[in-house]
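Please read the structure below before turning to the comments.
When a ligand or atom number is given, it counts from 1 through the structure's own listing order.
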Amino acid sequence: MILQNIERYYRFHAGIYDATRWSFLFGRAELIQKIISRSVPSPILEIGCGTGKNLADLCHHLPQARLVGLDISEDMLRQARKNLAAYHSRVELLHRTYDRPIKANPAFDLILFSYSLSMMHKNWESVIEYARQDLKPGGLIAVVDFNDSDFDWFKRWMGMNHVRMDGHLLPRLQSSFRSLKLEINHAYGGLWSYFLFIGQTGVQG
Ligand SMILES: C[S@@+](CC[C@H](N)C(=O)[O-])C[C@H]1O[C@@H](n2cnc3c(N)ncnc32)[C@H](O)[C@@H]1O
């Protein structure tokens with residue numbers, strides 16, 4: 001039911017997504033800069049890739065990389081196919097939910113979550129564990145997402161937009177991965193905070 005609601009939500013929003021999200025999904029380009037300044041990952045998986053903005057940025061900066069994007073919204077993936085047309089030979093798009101590890105061979109060097117984990121209300125803890133299993137030993141997880149807000153009315157509003165925002169993600173990420181980078185920033189004078197996190201799996205897997 002929750003997944004169907006999200007799919008329905010993006011049926012309308014997919015068409016206006018790229019024109020509007022720059023105004024509140026902060027930190028996406030910064031996270032990609034932080035990734036490419038420290039490694040040259042491939043293959044890469046983005047969970048909840050939406051319209052493919054991050055995948056296109058990664059393709060641009062990493063000309064040898066192979067990428068996989070996964071999303072439950074066919075409407076968002078339709079936009080992604082257009083945005084990624086120039087890179088189609090290197091990018092695979094999967095229309096599915098992340099309800100089990102992909103078990104790709106070779107395993108992923110990098111898994112990216114950009115404003116998608118906060119929408120995975122029911123199984124976010126399992127999703128973090130599937131990502132850990134899908135990474136190669138020493139692989140990186142990179143997450144940019146909403147963190148928290150001091151304003152209950154704002155959290156309720158975000159809840160109506162399928163986003164859970166109550167500081168639940170970071171502690172779990174920090175206990176599942178070795179923390180390499182963490183930044184918490186504030187948006188619109190403190191209306192909400194968002195975080196950038198880069199973590200690493202143990203070299204033993
Ligand atoms: C806010 S958008 C972010 C899109 C993109 N990552 C970006 O940074 O622009 C969240 C995306 O996650 C997808 N999503 C939400 N829950 C999902 C789930 N359980 N499995 C796969 N995709 C999901 C949505 O369909 C949507 O495209």
Side-chain angles (χ1 to χ4, degrees), residues 1-36 44-61 67-84 87 91-102 104 108 110-131 133-134 141-147 155 157-165 168-169 172-173 185 187 192 194-198:
M1 185 62 181
I2 292 174
L3 292 181
Q4 285 160 355
N5 288 344
I6 290 177
E7 276 189 282
R8 201 171 312 125
Y9 176 82
Y10 281 113
R11 207 161 292 157
F12 168 69
H13 283 266
I16 58 166
Y17 189 90
D18 289 337
T20 52
R21 267 35 180 200
W22 61 270
S23 62
F24 57 96
L25 298 188
F26 300 124
R28 292 180 293 172
E30 288 93 318
L31 184 64
I32 287 175
Q33 280 305 320
K34 286 183 197 305
I35 293 165
I36 61 173
I44 297 170
L45 170 65
E46 183 177 4
I47 307 292
C49 64
T51 58
K53 175 194 182 306
N54 301 313
L55 292 174
D57 279 2
L58 286 163
C59 281
H60 173 73
H61 290 295
L67 300 97
V68 178
L70 173 158
D71 205 287
I72 46 160
S73 165
E74 179 52 36
D75 297 272
M76 293 292 265
L77 288 175
R78 194 172 308 120
Q79 297 291 329
R81 275 180 217 110
K82 289 185 206 159
N83 290 341
L84 292 161
Y87 306 111
V91 183
E92 184 184 1
L93 295 173
L94 305 176
H95 180 213
R96 53 163 277 199
T97 180
Y98 197 47
D99 55 358
R100 59 196 182 281
I102 290 182
F108 293 100
L110 167 71
I111 297 184
L112 172 65
F113 291 89
S114 167
Y115 289 98
S116 55
L117 206 44
S118 58
M119 298 189 90
M120 299 179 188
H121 305 189
K122 266 193 111 173
N123 65 339
W124 64 275
E125 288 167 300
S126 310
V127 163
I128 291 172
E129 175 53 25
Y130 301 151
Q133 292 176 26
D134 268 334
I141 181 168
V143 185
V144 56
D145 215 322
F146 296 110
N147 184 44
K155 290 186 190 197
W157 164 251
M158 292 306 284
M160 287 162 63
N161 289 281
H162 308 287
V163 173
R164 177 175 168 198
M165 190 193 276
H168 59 298
L169 296 176
R172 175 51 66 103
L173 287 166
N185 298 317
W192 74 84
Y194 64 95
F195 70 87
L196 280 66
F197 174 83
I198 299 178

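- When the salt bridge (charged side-chain N to carboxylate O under 4.0 Å, His left out) test is applied to E92, no partner is found at least two apart in sequence or on another chain.
- Taking the charged nitrogens against the carboxylate oxygens, E74 and R81 do have a contact shorter than 4.0 Å, which makes a salt bridge.
- Relative ring orientation between Y9 and H13 is described as parallel, the plane-to-plane angle staying below 30° on a 0-90° scale split at 30° and 60°.
- Below 30°, between 30° and 60°, or above 60°: for Y194 and F26 the angle between ring planes is between 30° and 60°, a tilted geometry.
- Put simply, the side chain of N83 never gets that close to the backbone of K53: no donor and acceptor are under 3.5 Å apart.
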Present, as a list of atom pairs with distances to 0.1 Å, all nitrogen or oxygen contacts under 3.5 Å between ligand 1 and the protein.
unit_1, atom_1, unit_2, atom_2, d
ligand 1, 6 (N), E46, OE2, 2.8
ligand 1, 6 (N), G48, O, 2.8
ligand 1, 6 (N), S114, O, 2.9
ligand 1, 8 (O), N54, ND2, 3.0
ligand 1, 8 (O), S114, O, 3.3
ligand 1, 8 (O), S114, OG, 2.6
ligand 1, 9 (O), Y17, OH, 2.8
ligand 1, 9 (O), R28, NH1, 2.7
ligand 1, 19 (N), T97, OG1, 3.4
ligand 1, 20 (N), T97, OG1, 3.4
ligand 1, 22 (N), I72, N, 3.4
ligand 1, 25 (O), D71, OD1, 2.6
ligand 1, 27 (O), D71, OD1, 3.2
ligand 1, 27 (O), D71, OD2, 2.7

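- Side-chain N or O atoms of D134 include one that pairs as donor or acceptor with a backbone N or O of I102 at under 3.5 Å.
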